[in-house]
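Fair warning: this is a prediction, and the values are worked out from it, not measured in the lab. Atoms within each ligand, like the ligands themselves, are counted from 1 in listed order.
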Amino acid sequence: MSTHIRWLGHSAIVIVTSGKTVLIDPFITGNPAATVSADEVAADFILVSHGHGDHIGDTIEIAKRTGATVVTNFEISQWLLGQGLENVHGLQHGGGVDLPFGRVKLTLAFHGSVLPDGTYGGNPAGFLIRTNDGFTIYDAADTGLFGDMALIGDENVDLAFLPIGDYYTMGPEDALKAVKLVRPKHVVPIHYDTFPPIRQDEKAWAEKVRSETGVDAIVLKPGEGFELKKS
Ligand code: NI
Ligand code: MN
C-alpha cells in the first residue's frame with residue numbers, strides 16, 4: 001500500500017491511496033495555475049470543502065464523467081443531487097464516513113460557503129482523512145486561524161495542507177501559528193498566488209516554518225507531488 005500526494009494548484013489536491021483516487025476541491029477550469037485539464041483528471045471520490053467556485057470547480061463534470069462519489073456537507077450534497085449527481089455523502093462538522101480508502105471527517109473552517117448560483121451552501125469545512133495505510137492528512141481548506149486546530153493536532157497529523165494566501169483565508173503569519181497548533185510532520189502551503197490578492201512568498205514561509213517549528217514544509221509547483229512515507 002502507498003499514499004501519493006499531488007497538488008494541482010490553488011486548493012486542488014489528488015491523493016492516491018489504497019488504489020483509489022481522491023480529488024479535493026477540483027478547481028481546474030479557470031484556474032490560472034492548473035497544469036492539467038478537467039477532462040483528464042481521474043477520481044473515485046471528490047471532496048468539496050465549501051460552495052465557492054474556486055473549490056467546487058469542476059466537481060459536477062468530473063463526477064459525471066468518472067462516476068466518482070462526492071463527499072461534502074449536507075447542503076452542497078443536496079445541491080449536487082439537483083445538478084444530476086447520484087453518488088453523494090452529505091456530512092456535517094464532526095461527522096465522518098468510512099470509505100474504501102479510509103475515513104473522511106468534516107472539520108471546522110471559518111469562511112463562507114455560498115454556491116455559484118447563489119444557493120446557500122451551509123457551513124464551510126476542512127477534512128481530516130485517515131488512510132487505510134495509516135496516514136492522517138488534514139486539509140484546512142479555506143479558513144482563518146482558530147484555536148481548536150490544537151484538537152486536530154492531537155490526532156497525530158502526518159501531513160497538513162494550510163492556506164497561506166491571506167485576503168480570503170489566513171495569511172502566512174497565522175498559517176505559521178496554525179502549524180504550531182496542528183503539529184504535523186509535513187505541511188504543504190495552498191491557496192496562494194492563483195490571483196493577485198493572494199500572492200505570497202511561499203519559499204520564505206516554508207523557511208520560517210522549518211526554522212521556527214522543525215516541521216517539514218514542502219513547497220510544490222502545480223502538478224508536482226510526492227510519496228507520503230512513514231518516518
Ligand atoms: Ni472560499
Ligand atoms: Mn477559496
**Student:** Does NZ or CZ of K230 come closer than 6.0 Å to the centre of the six-membered ring of F135, within 45° of the ring's axis?
**Tutor:**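 Ring-cation test returns yes.
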
**Student:** Does R130 reach the main-chain N or O of R103 with its side chain, forming a donor-acceptor pair under 3.5 Å?
**Tutor:**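 No; zero donor-acceptor contacts below 3.5 Å.
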
**Student:** Check the Ni ion (ligand 1) and write out every protein N, O or S atom at under 2.8 Å, as residue and atom.
**Tutor:**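 Correct list: H50 NE2, H52 ND1, H111 NE2, D142 OD2.
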
**Student:** Classify the ring geometry between H111 and H52 as parallel (under 30°), tilted (30 to 60°) or perpendicular (over 60°).
**Tutor:**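 Perpendicular.
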
**Student:** Keeping the roles fixed (side chain from D201, backbone from A204), state whether a donor-acceptor pair exists under 3.5 Å.
**Tutor:** yes

**Student:** So does D216 get a backbone contact from the side chain of R210, meaning a donor-acceptor N/O pair under 3.5 Å?
**Tutor:**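 It does not hold such a pair.
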
**Student:** Could you please tell me which protein N, O or S atoms lie under 2.8 Å from the Mn ion (ligand 2)?
**Tutor:**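 Short answer, with waters excluded from the count: D54 OD2, H55 NE2, D142 OD2, H191 NE2.
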
**Student:** Is it true that E61 and K64 make a salt bridge, defined as a side-chain N closer than 4.0 Å to a carboxylate O?
**Tutor:**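 No.
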
**Student:** One thing to verify: whether D154 and R183 come together as a salt bridge, which I'm taking to mean a side-chain N less than 4.0 angstrom from a carboxylate O.
**Tutor:** yes

**Student:** So F195 and H10, would you call those rings parallel, tilted or perpendicular, with 30° and 60° as cut-offs?
**Tutor:** perpendicular

**Student:** Could you go through the ring-ring contact (aromatic ring centres under 6.0 Å, His included) check for F161 and Y138 one step at a time?
**Tutor:** CA-CA 6 Å; F161 292 96; Y138 172 50; 9.5 Å; no

